[in-house]
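Position 1 is the first residue of the sequence; numbering continues from there. Just so we're clear, the structure is a prediction, and the values are computed from it rather than from any experiment.
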Amino acid sequence: MSCNFGCGNEPQEEKKVLEEYTDEEAQKHAEEVGVDPRPRETISEIDERGVFIRQPNAFIQPFGDKEGDLKAEAGRFAIYWAHGCHWSNRPVIVRDILGLQDVIADTATTHSGKTNIYGHGFADQPEHKDKLAGVYFLSQFYKNADPDFKGRATTPTFVDLKEKKAVNNDYHRLTNYIEVQFRPFQPVDAPDLYPVKFRKEIDEFNDWLFPTINNGHYRMAFCQSWVAYNEAYEDFFDALEKLDKRLETNRFIFGDYITDSDIRLYVTLVRWETSYYRNVGPIKKRITEYKNIWGYVRDLYSLPVFKKYTFFEFPKEGGNDLFRSFAFRIAPQVPYDELWATDGERKKLSKTPDEVYLRHPDGETYEEYASEISKTKWNSPDWSERDPRKVTISVDPSINPLKGKL
């Protein structure tokens, strides 16, 4: 996955258009361009223990300065993302924070057809074609890059608009490429979300965050055994307790300034609190019951760029006349802006309460800032390497190893 729309909630204005895009039309387009139905992760990504083992990302060629690396270029690439996909909310947030809206384009995908049998499509665009490249399905970019590709086309995907092909869908490191390799295109005073001297600590935290929190919901929602469910359940809520303790004395994950890690955590917490928790069965606590986490997400929500990519709207169908879902009955009435308003108390944890971003040192060159982005084991083709029980981190996540340094 990263996500295949439908794991969140599309804006209501799209709903009418989505209903008009029939499965018959989607099938016609799929036959025309040679696209196969989307594989089901609950079948193809379940191991012998019933554990959901997420597919590795297919396109992980890095952006960088070495021979063979992808090269950052203004106007050539676009982020394909989905409103309801927290994985793909990350890169558009990072892009906007760093002032790259005119450098990296974007398109938000929707369902294809009524039942989404072919995965990400463009139901809200004329003729149900992507406005940037004229394709019907995100998976066409994957086929253009690799005609033998058989997995799921996922969001986010970085697409080369010149060649109309997918070049990178590695949500583990995609934001880091935008932060580092696209630095020459950022304003001089752009925030530093990925400080060069602290990348080891940030990468290690992010690689712990992936199986425990970011992928924790899916491990519960997609697993096919009681044992697998319990493992995911304990990992997820244990991780939340550790983070709540950490955020008691840290305004953000690593201190006074927002880093790449905060963006990854925020988008998952928002999706969990407003949608995901309903799909997994019993829960220990809602996000609102964690004092420090709840203050933390509201603090971030108060920032325009985070609010812009926070989608609270719910589809309004569901249930019969008597047993209609919460999404149908109540969610449209929820005063989210009021409930999610910050009280400003977390500012007291920061030595720079009105400045939430670290800035680059004066005169810093691209060469000084650039580094080769690390690889992650979560992209390993070996299923056993991606076993969520094998997560490691050198410092207890409840402790900020950069306290006082960032």
*With no hydrogens and no angle check, is any side-chain donor or acceptor of E385 less than 3.5 Å from a backbone partner on D382?*
no
*Expected output: side-chain R264 to main-chain R90 donor-acceptor under 3.5 Å*: no
*Is there a ring-ring contact (aromatic ring centres under 6.0 Å, His included) between Y369 and H360 once you walk through the steps?*
CA-CA 9 Å; Y369 188 67; H360 295 267; 4.7 Å; yes
*Could you pull out all residues at least two apart from Q224 that satisfy side chain to side chain donor-acceptor pair (under 3.5 Å)?*
none
*asked:* Please check if the number of heavy atoms outside K284 that lie under 6.0 Å from its NZ is greater than 12.
replied: yes
*Let me see the working for Y290 and F237 under ring-ring contact (aromatic ring centres under 6.0 Å, His included), right down to the final yes or no.*
CA-CA 11 Å; Y290 294 93; F237 287 104; 7.2 Å; no
*Please round to the nearest 0.5 Å and tell me the distance separating atom CZ of F63 and atom CG of L70.*
4.5 Å
_Donor-acceptor contact below 3.5 Å, side chain R251 vs main chain Y257_ = no
*Could you tell me whether the side chain of D256 and the main chain of T352 form a donor-acceptor pair under 3.5 Å?*
no
*Using only heavy-atom distances, determine whether the side chains of Y296 and N250 contain a donor-acceptor pair under 3.5 Å.*
no
*asked:* Is it the case that the ring center of H217 lies less than 6.0 angstrom away from the ring center of F236?
replied: no
*F205 vs F254, ring-ring contact (aromatic ring centres under 6.0 Å, His included): CA-CA, chis, key distance, verdict*: CA-CA 10 Å; F205 179 86; F254 284 104; 5.7 Å; yes
*Sub-3.5 Å donor-acceptor pair from the side chain of N169 to the main-chain atoms of N57, do we have one?*
no
*Is R219 reaching over with its side chain to a backbone N or O of P211, donor-acceptor style, under 3.5 angstrom?*
yes
*asked:* With a 6.0 Å cut-off (strictly less than), is the heavy-atom count around NZ of K377, excluding the residue itself, greater than 12?
replied: yes
_Check K307 with D337, please: is the shortest side-chain N to carboxylate O separation under 4.0 Å?_
yes
_Crowding at NZ, K351 (>12 non-hydrogen neighbours, <6.0 Å)_ = yes
*Determine yes or no for a side-chain-to-main-chain donor-acceptor pair under 3.5 angstrom, with N168 supplying the side chain and P62 the backbone.*
no
*Would one find more than 12 heavy atoms of other residues, nucleotides or ligands at under 6.0 Å from atom CG of D102?*
no
*Does a side-chain N-to-carboxylate-O contact under 4.0 Å join R389 and D387?*
yes
*asked:* Quick check: Y218 with Y276 (ring centres under 6.0 Å apart)?
replied: yes
*Nearest heavy-atom neighbours spanning S112 and G119*: OG-O, 2.6 Å
*In terms of heavy-atom contacts, does NZ of K197 have more than 12 from other residues, nucleotides or ligands at under 6.0 Å?*
no
*Heavy-atom pair of closest approach, residues D36 and K150*: OD2-NZ, 4.2 Å
*Identify whether the distance between the nearest side-chain nitrogen and carboxylate oxygen of E41 and R54 falls below 4.0 Å.*
no
*Say you draw a straight line from OG1 of T268 to CG of N214; how long is it, rounded to the nearest 0.5 Å?*
4.0 Å
*Does any non-hydrogen side-chain atom of I263 lie less than 4.5 Å from one of L193?*
yes
*In Å, rounded to the nearest 0.5 Å, how long is the span from CZ of F122 to OG1 of T110?*
8.0 Å
*Got a salt bridge between K291 and E248, using NZ or NE/NH1/NH2 to carboxylate O under 4.0 Å?*
no
*Non-hydrogen atoms of P56 and P381 that approach each other most closely*: CG-CA, 4.5 Å
*Stepwise ring-ring contact (aromatic ring centres under 6.0 Å, His included) test for H120 and F137*: CA-CA 6 Å; H120 295 274; F137 307 101; over 10 Å; no
*Would you confirm whether S350, through its side chain, and K347, through its main-chain N or O, come within 3.5 Å as a donor-acceptor pair?*
no
_For D362, side-chain contact (heavy atoms from CB on, under 4.5 Å) partners two or more places apart_ = none
*Picking from V297, L300, L243, T274, what satisfies side chain to side chain contact (heavy atoms under 4.5 Å, CB included) with L269?*
V297
_Closest non-hydrogen atom pair, A190 against R183_ = CB-NH1, 3.7 Å
*Scan V51, D47, N215, I53 and name whichever one has a side chain to side chain contact (heavy atoms under 4.5 Å, CB included) with R386.*
I53
*asked:* With a 3.5 Å distance limit and no angle check, can you tell me whether R95 reaches the backbone of P91 through a side-chain donor-acceptor pair?
replied: no
_With a sphere of 6.0 Å drawn around CD of E289, does it hold more than 12 non-hydrogen atoms of other residues, nucleotides or ligands?_
yes
*Between the side chain of D262 and the main-chain N/O of T259, is any donor-acceptor distance below 3.5 Å?*
yes
